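In what follows, a single structure is set out as structure tokens and then discussed.
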Amino acid sequence: MDDERRSGAPDDPIASVLETFREAVEAGVSSRGEFERLKGRFLGREKGLVPALFSGVKDIPPAERGGFGARANAVKREIVEAIGRLSDDVARREAMSRERAAAVDVTLPGRRPRTGALHPLTIVRRRVEEIFLRMGYSIADGPEIENDFHNFEALNFPPEHPARDTQDTFFLQMPPEAEAGRREANPESDLEDRAPRSPLLLRTHTSPVQIREMRQRGAPLRMIMPGRVYRKDEVDATHSPVFHQVEALVVDKGISLADLKGTVETFLSELFGAGTKARFIPTFFPFVEPGADVHMTCIFCRGAGCRKCKGSGWIEIMGAGCVHPNVLVRAGIDPETYTGFAFGGGIDRIALLLYGFPDLRLLFEGDERFLGQYAGRLLGDPA
Ligand code: DAH
């Protein structure tokens, strides 16, 4: 090498290619791309500096050609070998960085897998169901698209009752042929004929399931009927056009208001805690007689009086009563033999109370950040 360098005058092309190559290697090759550029620059078939040396042979006096060729070959060999080593280096470095990227850092904190969670409404509905199942009730379901017969008529709503008002009820628009068929129905015809012809609507409460179950199963009967209901309400903190209710119905011989009161108090104590009391304020629901608004001990102040219960110590929780004889008759049950009680209330409202949520909309907006926090738990349960 030394003598090559010595013999390499400034115009010695062989020495200058070797010199340029060494400088380039010294400058360093940090990536596969840079390596390929360097390789091309020296060995590239078209423009490579080394092949260029050989194509210059023809300009050399014949006597010197032999020596030039030998030196050029020696330099070529050196460059080819050096490039081979460089290629190995680059490959080794690439492998190392791949390994580092794939390596497991055991000191990193674990990543929690995203899991689903039950919706608070599902949790509350199941709690309610469990309580009644323990008391020997069964659970029934009914259609959300109901007809006027089950939703109102059979429940003893007078024909012009304001609850039927389009203000509250979503009526479904029927195809004209179907409408015509309905109007022709004989208003005096029996229930079997009338029910399927009465106007369709979205049920405004779960009470129509009472009628369906009584007509299908007859008495005695002991069941709850949870489900979704609809009313034309504007959305705000306490209203939603879609919400949830649970209905209870017991029909048997000798059922009285005392059974109703005992059952309601047992249910509320199971759900809201021992010692929860119920009081009945007489009111009118067409399908019960007597009818009552049920109030329970305020769960926030335990009856002492607070802002939530407006100082009264009580909060309204549901409607209840003894099944009206007209309802039993329409459902095909003899009111001389059987009596019954029923009650119904909002599952959403129960959930707001149990969780202490301030706003009904939290239950319907489906925000996972909110919903994920309640996986299987009720307020007050151990975390
Ligand atoms: N269906 C009534 C409503 O939605 C609630 C209700 C009141 C249900 C009295 C009952 C009852 O079973 O007996 O407002």
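This is a predicted model, so every value here is computed, not measured. Counting starts at 1 for both ligands and their atoms, following the listed order.
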message: Once rounded to the nearest 0.5 Å, what's the spacing between atom SG of C306 and atom CD1 of I315?
response: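 Taking SG in C306 and CD1 in I315, the distance rounds to 7.5 Å.
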message: Closer than 3.5 angstrom, by distance alone: can the side chain of R125 be matched with the main-chain N or O of Q245 as a donor-acceptor pair?
response: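 Flag not set: sc R125 to bb Q245 has no pair under 3.5 Å.
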Mark up the atoms of ligand 1 that fall under 4.0 Å of a heavy atom belonging to [X], in ascending order.
X: G321; answer: 13 (O)
X: V288; answer: 13 (O)
X: Q210; answer: 12 (O)

message: For F157 and F152, take the angle between the two ring planes, folded into 0 to 90°, and tell me which bin it lands in: parallel under 30, tilted 30 to 60, perpendicular over 60.
response: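 F157 and F152: perpendicular rings.
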- prompt: Can F287 be said to touch ligand 1, with heavy atoms closer than 4.0 Å?
  reply: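 Contact check F287 vs ligand 1: positive.
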message: In this structure, does ligand 1 have an atom that sits under 4.0 Å from one of the heavy atoms of Q245?
response: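 Contact check Q245 vs ligand 1: positive.
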query: Applying a 4.0 Å heavy-atom criterion (strictly less than), which segment of F285 is in contact with ligand 1: side chain, backbone, both, or neither?
result: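 Answer for F285: side chain.
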- request: Record the part of S207 in heavy-atom contact with ligand 1 below 4.0 Å; permitted values are side chain, backbone, both and neither.
  value: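 For S207, the contact with ligand 1 is made by the side chain alone.
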message: Check this for me, if you would: do D252 and R222 make a salt bridge, where the nitrogen-to-carboxylate-oxygen distance has to be below 4.0 angstrom?
response: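 Looking at D252 and R222, the cut-off is not met.
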field: Sub-6.0 Å ring centroid separation between F267 and F272
entry: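 No.
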query: Just checking, any donor-acceptor pair under 3.5 angstrom between side chains of T204 and N151?
result: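 There is such a pair (donor and acceptor under 3.5 Å, judged by atom type) between the side chains of T204 and N151.
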message: Cation-pi check for F341 against K261: NZ or CZ below 6.0 Å from the six-membered ring centre and within 45 degrees of the axis, yes or no?
response: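 So K261 doesn't make the cation-pi contact.
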field: Nearest non-hydrogen partners of G303 and T297, listed with the distance
entry: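 The pair with the smallest heavy-atom distance is N-CG2, 3.8 Å.
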At what distance is the nearest protein heavy atom to [atom], and which residue and atom is it?
atom: atom 5 (C) of ligand 1; value: G344 O, 3.9 Å
atom: atom 3 (C) of ligand 1; value: R231 NH2, 3.7 Å
atom: atom 13 (O) of ligand 1; value: A342 O, 3.1 Å
atom: atom 12 (O) of ligand 1; value: E247 OE2, 2.6 Å

field: Among G345, G319, G340, closest by any non-hydrogen atom to atom 9 (C) of ligand 1
entry: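 Closest candidate by heavy-atom distance is G319.
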